[in-house]
Enquirer: 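I have a structure I would like to understand better, so I am pasting it below and will then ask my questions one at a time.
In what follows, every chain begins at residue 1, and chains take the letters A, B, ... in the order their sequences are listed.
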Protein chains: 2
Amino acid sequence: MSKPSTKAKIIDIADQLFYEFGYEHTSFASIAGEVGISRGNFYHHFKSKDEILSAVIDRRLMNTQQLLDDWHDEGKTAEGRIKCFINILITNRAKIKLFGCPVGSLTNELVKLEHSSLPGANKIFILFKDWLAKQFLALGHVKDAEKLALHLLARSQGIATIASAFHDEAFLYQEAETLNQWLSSYA
Amino acid sequence: MSKPSTKAKIIDIADQLFYEFGYEHTSFASIAGEVGISRGNFYHHFKSKDEILSAVIDRRLMNTQQLLDDWHDEGKTAEGRIKCFINILITNRAKIKLFGCPVGSLTNELVKLEHSSLPGANKIFILFKDWLAKQFLALGHVKDAEKLALHLLARSQGIATIASAFHDEAFLYQEAETLNQWLSSYA
DNA sequence: GTCTATATAATGATAGAC
DNA sequence: GTCTATCATTATATAGAC
């Protein structure tokens, strides 16, 4: 592994800070501080804050695709693969409890800013949705695959919202179990 | 009806703007502009921006309590009353599609700001939760009333998140129907 | 109670030396 | 590629006249 470039470091740190503190609340000063560079250096790599957001979204898209590919190898059955999705709520419980879902909370913010990167952020949702729909299709739900996929996506979003509002980790366990029960009625 | 005081007007406008553009993104200048007063006049009524947020949350708490009281009179049965809750997704579809849920999107933001008003905003969630739990209790779900209430709350949150991200009103109709079906299995 | 004028700090962004 | 210095703008907030 070669050492990460400054540009890669900026994207990595911005990704974290946008998640933990929100896009607008994260300043160049705080990113620069974390990366260990000066604010001026910043604009050598990115022309604007929006451009960093774009890069962060692209990074998240890549990471999400990688995650889905990994799940495809892990899960032997379509049901098992959907369970991988549900299980993020448990795997990422510590962060979800504190900051909610990275995708949902970002779109939530971009919606209110009427930000031009909302469609980009939505692409992450769509990656999940299409992947889930493929699994439901494999389970024989030819007509309802899309609907079931979006339904599950919404369910996971709501769980993350409530869990983060109340900083309630137990709720994540409880609702992940409820989702698995729901899934078994479709598998 | 006496004409609303300047203070009441500020709270009313701030409530709308916080919903549509977010708390942090809403400036004093924009509130003052909408109300039709100068920025300086502002601080005669509120000592800080946080204090306005507090007042907005108090207002939302009162309005929510009023809404729940109205539903109590409207719905003849516990099931009917829960359906009133589910039906907000339809009644408020135009705004939810554009800005999400006022409660969920506010807590989402306050979580990331680590804002001291998060517990206050959560009280709105708790009002809904306790009211819903009471209805599920009336339906005979003695042991699961709390769990079912929070589950339904989370479901509605997720639906609002997805609907606003994609500006998709049809999804609100589709999922409200799914929720009503879910409810009928508990009623 | 409302206004104008202003203080102060932080923001995103630029210019130019090294 | 990184830095320092700086700009223009905006933000919250204050002081004091009317």
Side-chain angles (χ1 to χ4, degrees), chain A residues 1-59 106 109-110 112-118 120-121, chain B residues 1-57 106 109-110 112-118 120-121:
Chain A
M1 296 281 278
S2 61
K3 74 171 187 192
S5 67
T6 299
K7 183 164 184 168
K9 266 195 236 171
I10 291 173
I11 298 172
D12 181 50
I13 295 289
D15 191 352
Q16 294 175 47
L17 294 180
F18 289 172
Y19 177 33
E20 298 183 8
F21 305 108
Y23 169 66
E24 201 168 32
H25 190 63
T26 300
S27 65
F28 275 23
S30 65
I31 301 176
E34 284 284 321
V35 175
I37 58 169
S38 70
R39 277 192 318 233
N41 189 357
F42 231 115
Y43 292 84
H44 176 74
H45 302 285
F46 298 95
K47 268 178 279 189
S48 68
K49 196 180 178 186
D50 286 356
E51 214 170 76
I52 298 177
L53 176 60
S54 244
V56 165
I57 289 173
D58 284 345
R59 181 195 144 102
L106 179 61
E109 187 177 359
L110 298 184
K112 287 182 196 293
L113 301 179
E114 298 178 275
H115 198 285
S116 60
S117 277
L118 175 61
Chain B
M1 293 282 277
S2 61
K3 75 170 188 195
S5 66
T6 300
K7 184 163 184 169
K9 267 194 233 169
I10 292 173
I11 298 172
D12 181 50
I13 296 289
D15 191 352
Q16 293 175 46
L17 295 179
F18 289 172
Y19 177 34
E20 297 183 10
F21 305 109
Y23 170 66
E24 200 167 32
H25 190 62
T26 300
S27 66
F28 276 22
S30 64
I31 301 175
E34 284 285 323
V35 175
I37 58 169
S38 71
R39 271 178 321 194
N41 189 356
F42 230 115
Y43 292 83
H44 176 75
H45 301 285
F46 298 95
K47 267 179 279 190
S48 69
K49 196 180 178 185
D50 286 357
E51 215 170 76
I52 299 177
L53 177 59
S54 244
V56 166
I57 289 172
L106 179 62
E109 186 177 0
L110 298 184
K112 287 183 195 293
L113 302 179
E114 298 179 274
H115 198 285
S116 59
S117 278
L118 175 60

Enquirer: Quick one: A:Ile37 CD1 to C:dC18 P, roughly how many Å, whole number?
Expert: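 After rounding, the reported distance stands at 21 Å.
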Enquirer: Rounded to the nearest angstrom, tell me the gap between atom NZ in B:Lys47 and atom C1' in D:dT14.
Expert: 14 Å
Enquirer: Where the side chain of A:Glu24 meets the backbone of B:Glu24, is there a donor-acceptor pair that is under 3.5 Å apart?
Expert: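 Not confirmed, A:Glu24 side chain does not pair with B:Glu24 backbone.
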Enquirer: Please say which of A:Ile31, A:Val35, A:Thr6 ends up in a side-chain contact (heavy atoms from CB on, under 4.5 Å) with A:Phe42.
Expert: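 The passing option is A:Ile31.
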Enquirer: Between A:Lys9 and A:Gly36 (side chain of the first, backbone of the second, donor and acceptor by atom type, cut-off under 3.5 Å), is there such a pair?
Expert: no
Enquirer: Which is more 5' along DNA chain C, the nucleotide nearest B:Gly36 or the one nearest A:Gly40? Just name the residue.
Expert: B:Gly36
Enquirer: What integer distance in Å separates A:Ile52:CD1 from C:dT11:P?
Expert: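 One finds 14 Å between P of C:dT11 and CD1 of A:Ile52, rounded.
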Enquirer: Using whole Å, report how far NZ of B:Lys49 lies from P of C:dA10.
Expert: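 After rounding, the gap between these two atoms is 16 Å.
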Enquirer: Counting only side-chain N and O atoms of A:Thr6, is one of them less than 4.0 Å from OP1 or OP2 of D:dG1?
Expert: no
Enquirer: Under 4.0 Å between any heavy atoms, over every strand shown, what does B:Thr26 touch: base, sugar-phosphate, or nothing? Just pick one.
Expert: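 Contact class for B:Thr26: sugar-phosphate only.
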Enquirer: Please report the distance, rounded to the nearest Å, between CZ in A:Phe42 and P in D:dT6.
Expert: 22 Å
Enquirer: Is any side-chain N or O of A:His45 closer than 4.0 Å to OP1 or OP2 of D:dT2?
Expert: yes
Enquirer: Tell me the interatomic distance from B:Phe28, atom CZ, to D:dT10, atom C1', rounded to whole angstroms.
Expert: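 Nearest whole value for this atom pair: 14 Å.
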Enquirer: Would you say D:dA13 has OP1 or OP2 under 4.0 Å from some side-chain N or O of B:Tyr43?
Expert: yes
Enquirer: Just to confirm, is there a sub-4.0 Å distance from OP1 or OP2 of D:dA11 to any side-chain nitrogen or oxygen of B:Ser27?
Expert: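 True: B:Ser27 side-chain N/O within range (under 4.0 Å) of D:dA11 OP1/OP2.
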Enquirer: Is any side-chain nitrogen or oxygen of A:Asn41 closer than 4.0 Å to OP1 or OP2 of D:dC3?
Expert: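 So the side chain of A:Asn41 is within the cut-off, an N or O lying under 4.0 Å from OP1 or OP2 of D:dC3.
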Enquirer: Quick one: pull up CG in B:Asn41 and NE2 in B:His44 and give me the separation to the nearest 0.5 Å.
Expert: 7.0 Å
Enquirer: May I have the distance from A:Ile10 (atom CD1) to C:dG12 (atom P), rounded to whole angstrom?
Expert: 14 Å
Enquirer: Determine: side-chain N/O of A:His44 to OP1/OP2 of D:dG1, distance under 4.0 Å, yes or no.
Expert: yes
Enquirer: Answer yes or no: is there a donor N or O on one side and an acceptor on the other, between the side chain of B:Ser27 and the main chain of B:Ser30, under 3.5 Å?
Expert: yes
Enquirer: Rounded to the nearest angstrom, tell me the gap between atom CG in A:Leu17 and atom C1' in C:dG12.
Expert: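 Computing the A:Leu17:CG to C:dG12:C1' distance gives 16 Å.
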Enquirer: 5'-most contact on DNA chain C: B:Arg39 or A:Ala29, nearest heavy atom basis?
Expert: B:Arg39
